[in-house]
Every structure is written in structure tokens, then in C-alpha cells.
Amino acid sequence: IVGKRVPLKDAPEKVTGSALFTGDMTLPGMLYAKVLRSPYAHAKVLRVDTSKAERLPGVKSVLSKNNAPRKLIPVVFDVPPDRVAFDDEVRFIGDEVAAVAAVTEEIAAEALKLIKVDYKELPAVFDPEEAIKPGAPMVHADKPGNIASSIKSSSGDVEAGFREADHVFEETFRTSAQRHACMETHGAIASFDPSGKLTVYTPSQLALVLQPILAEYLDMPMTMVRIIKPYLGGGFGSKLDMVVEHICALLSKIAGKPVKLILSREEEFSVGISRHACIIRLKVGVKKDGTITAIDTRILSNEGAYVYKTGPIGLAAKAIVLAYKCPNSRFEGHRVYTNIMSAGAYRGYGNPQGSFAMESMIDMIAEKLGIDPVEFRLKNYRSVGDIGFSCKPIKVTGMAECLTKGKEKIGWNRRGKPTAAEGKKRGIGVAVICHATGTTGYQADYTTASVRLNEDGTAQVFTGTSDLGTGSNTTLAQIAAEELGLPLDAVQVVAGDTDIAAFDRGAFASKTLYNAGNAVKSAAAKVKQMVMAKAAEKLGVDAAGLDARNGRIFAKQSPDRGATYTEIAKAVSKSLGGNITFMANALFENTGFPEAFGAQFAEVEVDTETGQVEVLKFVAMQDNGIAINPMVVEGQIEGALQHSIGYSLTENPLTHKKTGRMLNPDFRNYLVLTAVDMPKTEVELVQTFEPTGPFGAKGMGELPMVGAAPAIANAIYNATGARITEIPMTPERVFKALRGVEG
């Protein structure tokens, strides 16, 4: 079953509308919550008067700084927490000031209007370069210079490397924030039962990690906090953090009834989570023959008002410093507080930002040296034995095949050929991509799984990982079925409930299939070994001489001699003194973080009169090991390209420069690509065997997000001679760059 194009197990529920998402759910006596948010980017909250709201008929609980816990909200990863719910100080437009739970949404909204708040407005800063200047407004009083944290690293002798170079290239690149734009906004339902146990329904990417964080915040034992993940309508990193769950729980505790809070689309755009906007200054030294001698880079990332993660600058640095062979490198990165909504995890997590800078720079270098961009990459890209993105030696890579095959598919020999349409020019660009499987060591990276064989010969897989729509429940079932020798429809995956699930660190970092798949495979192998031992007794043969396929165990030398899983399980369950539960647990710790590789090619047409860019064709070549389900992998790549092409060209969150308010918090003005906007796309899997992965697989979900922006920028340059160093590459920016080329 591994390697087969199997439809997703949950497809019928999703396409018929019977799948329940958090917003679809209703509990008896449930209340509806709304949040009052700050109209100022930075202010002291002097007084909050909720008395009129509390007296409004239908209002059952109210939260503000007057009664909310005065403690820091724990964060998912190992960074110092810096948020207090309903704090005495608000730090961006949309920061929560009060919350209400009422019998209807309309009453809750009316109650917000009755809350009186006295503010003292404070100076604010929105740009990271301005924020680190002396005398800039301080977002947090205990963070001088508005630096949340910094990273510095170096190898070799950078100055000597630049002296050795024949050419030195310097450029500044700017990348935008990007909204996740999930179909499902953040939301949760919290409910306390008579025993005091809290159950929270939420579309979380890491239910097993959210549980201890929420328990800590509420001063409750973990056994009294249960997290259930219903169907999840898009995550991409946005649902790794505690955004609304604690508010629901606090309101529910006060009211004694279930409370539901679902963010509106405008709230999701304005107060949810964003990709980090970065400013990247890059300097590269190179010899005439194309040998890179030195890389020096400095990155500022705009964290917004609060820190949610360890920061993307480390992965951005790897995308720059560890992509190409270079003996001398230096990196400095700073995470900067500003008075805008917070940034967090987003598919690729720093890699798209760093790759946009480095892959654009590589094309600039190749042109100056008169070397074909593909050939330059083939010469300089790190290969087997080199230290790779994971900071470990690369064991296997299909990069060369991705480049050479992709070059043929895009029609590389057509680069720069004129188009028939007047005022339009066509060009072709390339970018190589690499991403590690897992966290690359910045935190513990492990998961557990349990597999149980039932009396009727079916099997259940218990895992804590979240299927985000990525198809992991299907691919994990394929792995268990392959290992056990059962048909796929005999395997069920049980996930997303902290009361019954095996532990998992969360669905992120392109590691779900690799980590959970290895754990499931190991647990299934243990169960199979137990069954084989009983089958050997029944059949009178040595267990080593048995095999299993399609639910039947048989002797390898005499295939006619055998028994079904059902027959073995039932026989054991009815035997006196020989009972056994066919169930096993397994833990897998990821310490290798194998890299996935790829190459992406874009063909564009640029309207030189308007600056409008149309992507005519996109070729995505990807090596992510063996595809457990090629249809799932291809779907993930196509979905990532929708994200990344939008990131490159149209998705442009606009912030008012004086107030800090988001100007386009809706799908009318924040332009996400629709199906009809997508170019002709060719996806091909270059399959290599990863020895540490389940049946040879490795991570792939973030990798295809990485290369579109530089490939498109390089194609625009190939077409017009205009180098774009800021994304999104809007018509205005392209138009100005074209006018600059024309003088």
C-alpha cells in the first residue's frame, strides 16, 4: 500500500459537509464570546468599567484586567513569555482589553459597547529599523532597544574570504509579512464538567503541547484539562499558539457554562498570527570561476508586539549560509519588537525569506560571471558529505536531478525569447530549495504511537499528531497497513484527543510523517511480531518463516499454509491461560533531521506598461524521499505553490504608517490567489531513499513554499533587466523598477 495513490480517509466527510469543525459545534447551554480590542497601537489602560455590560440581560461573564489572572501566558516553545491577558498596557491595535460571554453573539457584541475604557496613549513604532534606533519608543519596558533576542554565528575567516574574492556583491532584500488566510479562523469552545474538568475543543496543531500550557496558566493539573481537536480548516503554523483558548476557559469558569469564541475574518487578519517581515542585508564574495569565498549577512525580523516562537532568523540564516559551499561565513540576526500584531510560525519559517535573498543574489552573481544560473547552482550547491541545512552531513540528495529535469520541463533554452504581444516580455527563472525534516535541534523532537490489533483483525493507531488537511491520518494508516500486512480499510487512526492519544510534540516543521510514521511503523512491527509468535504456534512453523499480506499470515515456503489475522486474534482471545493483548507502544526521537531538496522554475510575462506580472508556467521538482502517497505529496506541493506565488506577487498586508492599523483586513483587498489565478503547474517527484525514514520517506510540507519568490524575481529580471529586491512584487514595484532600468 506504500507508494499508492490512495484517496484520503476523511474525504467523504469533508466533501459532503458532515465533517464537524469547531465553528459547527454546539454544546448544551453554550454561551458566545466577543472581545473588546484596543483602538491604539500603544497605550496605558488606566481604567476598565464593565458594570453596565455586566447588568445587560443575557450577559453571563465578563473579563478584563479587573479580574483576569495577572500572570504571563505560557508559550509553546522555549522562549521567555511576554504576554499578560488583558494587561495594563496594550501594544498593538487589536490587543485584548475585555471579553464578554452572553447567550447570543448579538448580546455579547452589544455588551462590548457598554464597556468604558480610559486610555493614556503612548508613542508607537512600527518599523524594525526605526525601533532599534536610540530614543525609539519602547514596546516593552524591560527590553531596551526593542531587541527581543539576537543570534550571531561565524565560521572560517570572513574578511580573508572577501580579500580572496574577485567580485563582492552587496544588496538589501525586504520581505513582507503574510497572513495565513486559513479558511477556518482561530476559535475554541471551553466547557467545565461538574467534576471541574475542563474540555477545550480547538483546531490546534499540537493538542498534547497545548494541554500543559493551558493547565499551567489556569493552575490546574493536566489530568483535569482535556484538549480535543476537531477537523481543522487550515493551520500552516498559525494554530501552534494559544490565541483564544485561555479566554474561553476563563469566561467559562466564571459563567459555569460552555463558552465559544470564533474570531471574525477581520480579527483573524488583524490580531491573529503573521509571517515575519524581514530586512536582509547580504554580502557575497566570489572568484571568477564561480567559487564562493565569503558570505556575510544581517537580518532584522519584525516580531510585532509579542514573541511566540524562537524566531525565524535562524532558519533564514541557514537558507543563506548553508545552501552553497563556502568556507567563510558570518551571520547576525536580531528579533525586533514593534507595535503591530505578532508574527509566528508560517510554512517555511524563515526559509522563504532567506532563500529569496540568496537565490536572487546567486542569479546576480551568475550573470556577472557569465555562467548559466543552473550550471552555477550545480557547481556550488552542497551535496552528499557536505554539512547541510540540518547542520549535519548530507546523506542523500536528488538536487542535481531536480535541476536537470526541471530545466528540460520549463524549456530553459527559451529564456529571454521575445513574446509576440507588444509591450510584454517573457522570462524564465530558477531557484533551488532545501528544508530539514524537523526542528534541527532547537528543541526536543520526538513522538510516540500505539498500535492495537482488535479481535476481528482490524487495527487502530493512536497518535497525538494533528492532521491539518495534510492527509497524515491516511498516510499513517498506510504505514501501519504496510508493516502489519493488513488492507488499508482495516486500519483506523485515532488522533487529536489528549485523553486517549499517544504523545506528540505537534504537527509542524515538516516532521509529522517522518516522526509519527517512524513511531507507527515501530509500534506496528512490535504488534506483528507478537501475532507472528502466536501464528507460529498455531501453524506449527518457526515465526521467522512467516509473512503477512492482505490480512493473512502464511508460511513463506508454503503460502497455502496460513491463517488470517482475525483467526489468530479470536483464537488467542478465547484461549484459557494464553491471553494476550496485541498492543504495543513506540517512541521515535528525531536526531538526524534529513534534508529534502528541490528546484523550482517560473516562466513569467511582464507587461512593461503596467508592471503587471503573470506567471505562465511553474515547474516544481521535489526530492522528499519515497512518497508514501504520491497524490498527497503532489497536493501539498500544489497548495504550497498557491501560498508562495501569492506571497511573491499579491499578498500585501498594508499598515497605516502613523496609526499601525491594518488597512486591508479582508479578502476583498488582501489578494489571495484563487484557482483561476494559478498558472499551469507541473509537479514531479524525484524519489530518493532516506534510510532513516519510514519506508524511505522524509519531510516535504514546507519545502515547496520556499522557491517561488526568487524564481519569479529571477524570471522578471530575465525578461526585463529589472531586479526586484522586495516582495510582494506588486505592479507598482515592478513598474518603478522598469522605469529605473529605462532611466
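What you are looking at is a predicted structure, and each value in this text was computed from that prediction instead of being measured. The first residue in the sequence is number 1, and the count goes up from there.
- Open room surrounds NZ on Lys152; 12 or fewer heavy atoms of other groups in view lie less than 6.0 Å from it.
- No option in His643, Arg275, Arg179 other than His643 meets the side-chain hydrogen bond (donor to acceptor under 3.5 Å, both in side chains) test with Tyr346.
- Looking only at distances, a side-chain donor or acceptor of Asn66 sits under 3.5 Å from a matching main-chain atom of Val48.
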How far apart are the C-alpha atoms of Glu171 and Arg723, what are their side-chain angles, what is the distance that settles it, and do they pass the salt bridge (charged side-chain N to carboxylate O under 4.0 Å, His left out) test? CA-CA 11 Å; Glu171 188 59 79; Arg723 173 59 62 184; over 6 Å; no
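- No hydrogens or angles considered: a donor-acceptor pair under 3.5 Å links the side chains of Glu595 and Ser390.
- Under a 3.5 Å cut-off, the side chain of His186 and the backbone N or O of Ser238 do form a donor-acceptor pair.
- Applying the 6.0 Å contact sphere to NZ of Lys368 captures no more than 12 heavy atoms from other residues, nucleotides or ligands.
- A side-chain N or O of Thr440 and one of Lys318 form a donor-acceptor pair less than 3.5 Å apart.
- Inspection of the Ser176 and Gln178 side chains reveals no N or O donor paired with an N or O acceptor under 3.5 Å.
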Salt bridge (charged side-chain N to carboxylate O under 4.0 Å, His left out) evaluation trace for Arg330 with Glu159:
CA-CA 10 Å; Arg330 181 169 58 207; Glu159 301 307 329; 2.9 Å; yes
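- Annotation: cation-pi geometry not satisfied between Lys309 and Tyr349 (NZ/CZ under 6.0 angstrom from ring centroid, within 45° of ring axis).
- The CD atom of Gln636 sits 13.0 Å away from atom CE of Met705, with the distance rounded to the nearest 0.5 Å.
- The backbone N or O of Thr175 lies less than 3.5 Å from no partner atom in the side chain of His276, so there is not a single donor-acceptor pair.
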